[in-house]
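Have a look at the structure below before the remarks.
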Amino acid sequence: SNLLSKKPINSGLPDSKEEAKAIKDMIREGESRQRILNFFQRSESVLHKIIKKTLAGDLDDDDPYVIAANRMLDQTD
């Protein structure tokens, strides 16, 4: 089990569009990186990949989500 291995609860589960949208909404609302990690129970590397995949869409560089997500990614590097 993930808990016994001291991994996030959702470790190993595939990500979904719904999860990516919820992460996007939390970033837009200004939630902290740690709150998002705790809420979704994902590792930083998986969260980072989900955010990058979402950012790969057709969003303008000045979109508030893009600005906030890039700031969050800078915190995880």
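Everything numeric here is computed off the predicted structure, so don't read it as measured data.
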Item to check | Smallest separation among heavy atoms of Gln41 and Asn38, with atom names | outcome: NE2-O, 2.9 Å
Next on the checklist: Lys49: which residues meet the salt bridge (Lys or Arg N to Asp or Glu O under 4.0 Å) condition with it, sequence neighbours left out?
Outcome noted: none
Checklist outcome for this item: So CE of Met26 and NZ of Lys21: to nearest 0.5 Å the spacing works out to 12.5 Å
Item to check | Straight-line distance of Ile27 CD1 to Ile36 CD1, nearest 0.5 Å | outcome: 5.0 Å
Item to check | side chain to side chain donor-acceptor pair (under 3.5 Å) partner of Glu31, the single match among Arg28, Arg35, Gln34 | outcome: Arg35
Checklist entry - Nearest 0.5 Å, what's the CZ-CG distance between Arg42 and Leu37? => result 11.5 Å
